[in-house]
**Student:** 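Okay, here's the structure, questions in a sec.
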Number of protein chains: 2
Amino acid sequence: MKLKDLNALFLHELRDLYSAEKQLIKALPKMAKATTNEDLRQAFEMHLEETEAQVKRLDEVFEELGVSPRGPKCAAMAGLIEEAQELLYEDSDPRVLDAALICAAQRVEHYEIAGYGCVRSLAQQLGMHEFAAELQETLDEEKMTNEKLNELALGEVNEEAADASEEIGSTPRP
Amino acid sequence: MKLKDLNALFLHELRDLYSAEKQLIKALPKMAKATTNEDLRQAFEMHLEETEAQVKRLDEVFEELGVSPRGPKCAAMAGLIEEAQELLYEDSDPRVLDAALICAAQRVEHYEIAGYGCVRSLAQQLGMHEFAAELQETLDEEKMTNEKLNELALGEVNEEAADASEEIGSTPRP
């Protein structure tokens with residue numbers, strides 16, 4: 001029986017996140033390279049460093065549990081990254097691309113928020129309070145990254161992308 | 001040029017959500033059928049009805065914009081659903097499966113929270129305030145569904161799944 005108990009589910013979920021983070025480490029540099037917005041580039045680069053530290057945190061959990069971090073490839077993160085990468089090959093106004101990259105990155109952050117929320121709660125239920133605290137730390141970082149992306153979108157990126165519309169005479173509909 | 005302005009991005013994002021919701025409508029009945037927890041089954045069934053109404057809301061937006069809702073298949077939702085469906089074919093304790101289904105469903109809700117957050121903000125930026133209000137309504141529903149799933153997990157499902165561990169003598173590690 002594969003999911004015979006809550007421990008098995010906890011491991012299944014941890015391995016899914018491990019695969020997701022590993023995929024993200026490969027995608028973030030491409031997203032950072034694609035943006036022309038300095039603040040957004042910095043946000044992607046900062047989150048890459050953070051993601052590398054989060055993988056180390058997961059490595060430590062796996063080590064203490066005495067199990068391998070290897071599991072099936074996270075199909076959802078593969079889809080999220082596929083969508084983000086498709087944007088890079090589209091012929092786009094660079095300001096609109098920045099707004100699009102934020103939309104893609106916020107989907108990624110929300111995936112991780114849901115995932116870490118689950119493993120944190122499972123760790124608590126299993127009485128693994130130290131792990132729960134560590135996973136909560138990562139969860140807080142993902143939430144802060146999402147918040148930062150939100151601020152960038154609402155503060156400048158979406159407005160600059162809207163300027164692209166005005167220049168080409170595209171009229172927003174009511 | 002594909003993403004030449006913010007309107008183009010708005011449409012791209014709306015079509016992604018449309019594809020995501022259509023896929024979810026096919027997946028939710030399978031998730032409802034798979035659970036043995038009556039409250040969770042009801043939550044999935046209620047969210048199916050809600051999702052159908054959300055698709056109608058999107059249909060109306062596309063109709064008012066005078067464009068087709070058809071776009072590429074949302075790869076991220078395809079991945080999310082693939083992960084959820086894999087759970088159904090695993091040999092699992094039914095109580096652990098319920099906890100796993102909530103983890104999968106919360107990932108789906110978070111995808112939609114990120115997506116509707118983006119299109120709501122883009123609609124605001126484009127001065128489409130009626131659309132922004134409608135998309136905010138869906139966003140609020142997705143957040144409430146996620147909250148409901150959270151309450152189910154923390155209120156009963158995770159605890160019952162932990163009972164499965166105790167019965168088989170599996171010892172949670174510190």
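Just so it is clear: chains get the letters A, B, ... in the order the sequence lines come, proteins before strands, and each one is counted from 1.
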**Student:** Is chain A contacted by the side chain of B:Q124, its backbone, both, or neither, given a heavy-atom distance below 4.5 Å?
**Tutor:**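 Contact with chain A is absent: no heavy atom of B:Q124 under 4.5 Å.
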**Student:** Taking the basic N atoms (NZ, or NE/NH1/NH2) and the acidic carboxylate oxygens, is any pair closer than 4.0 Å for B:R41 and B:E38?
**Tutor:**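 Between B:E38 and B:R41 there is a salt bridge, with a charged N closer than 4.0 Å to a carboxylate O.
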**Student:** Is there a donor-acceptor pair under 3.5 Å between the side chain of A:R15 and the backbone N or O of A:S68?
**Tutor:**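 Present.
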**Student:** Between B:A78, B:C74, B:A153, which residue shows the highest count of heavy-atom pairs closer than 4.5 Å to chain A?
**Tutor:**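 Among B:A78, B:C74, B:A153, the one with the most close pairs to chain A is B:C74.
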**Student:** Can you tell which part of B:L154 gets under 4.5 Å to a heavy atom of chain A, answering side chain, backbone, both or neither?
**Tutor:**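 Contact with chain A is through the side chain of B:L154 alone.
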**Student:** For the side chain of B:T51 and the backbone of B:H47, is there at least one donor-acceptor N/O pair under 3.5 Å apart?
**Tutor:**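 Flag set: sc B:T51 to bb B:H47 pair under 3.5 Å.
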**Student:** Between B:E141 and B:R57, does any NZ, NE, NH1 or NH2 come within less than 4.0 Å of an OD or OE carboxylate oxygen?
**Tutor:**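 Yes.
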**Student:** Please classify the contact of A:E109 with chain B as side chain, backbone, both or neither, using a heavy-atom distance under 4.5 Å.
**Tutor:**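 Neither part.
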**Student:** Anything under 30° is parallel, anything over 60° is perpendicular, the rest tilted; go ahead and classify B:Y18 against B:F62.
**Tutor:**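 Because their plane-to-plane angle is over 60°, the rings of B:Y18 and B:F62 count as perpendicular.
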**Student:** Decide, yes or no, whether a salt bridge links B:E151 with B:K148 under the criterion of side-chain N to carboxylate O below 4.0 Å.
**Tutor:**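 Looking at B:K148 together with B:E151, the answer is no, because their closest N to O distance does not fall below 4.0 Å.
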**Student:** Please flag which part of A:L97 lies under 4.5 Å from any non-hydrogen atom of chain B: side chain, backbone, both or neither.
**Tutor:**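 The answer is neither part of A:L97.
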**Student:** Pick one of side chain, backbone, both or neither for A:D16, based on which atoms fall under 4.5 Å of a heavy atom in chain B.
**Tutor:**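 Side chain of A:D16 only, per the 4.5 Å heavy-atom cut-off to chain B.
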**Student:** B:Q106, B:E83, B:E86: which one forms the most heavy-atom pairs within less than 4.5 Å of chain A?
**Tutor:**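 Top count of heavy-atom pairs under 4.5 Å with chain A: B:E83.
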**Student:** For chain B, which candidate among A:E82, A:H12, A:H110 shows the most heavy-atom pairs at distances under 4.5 Å?
**Tutor:**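 The candidate making the most pairs under 4.5 Å is A:H110.
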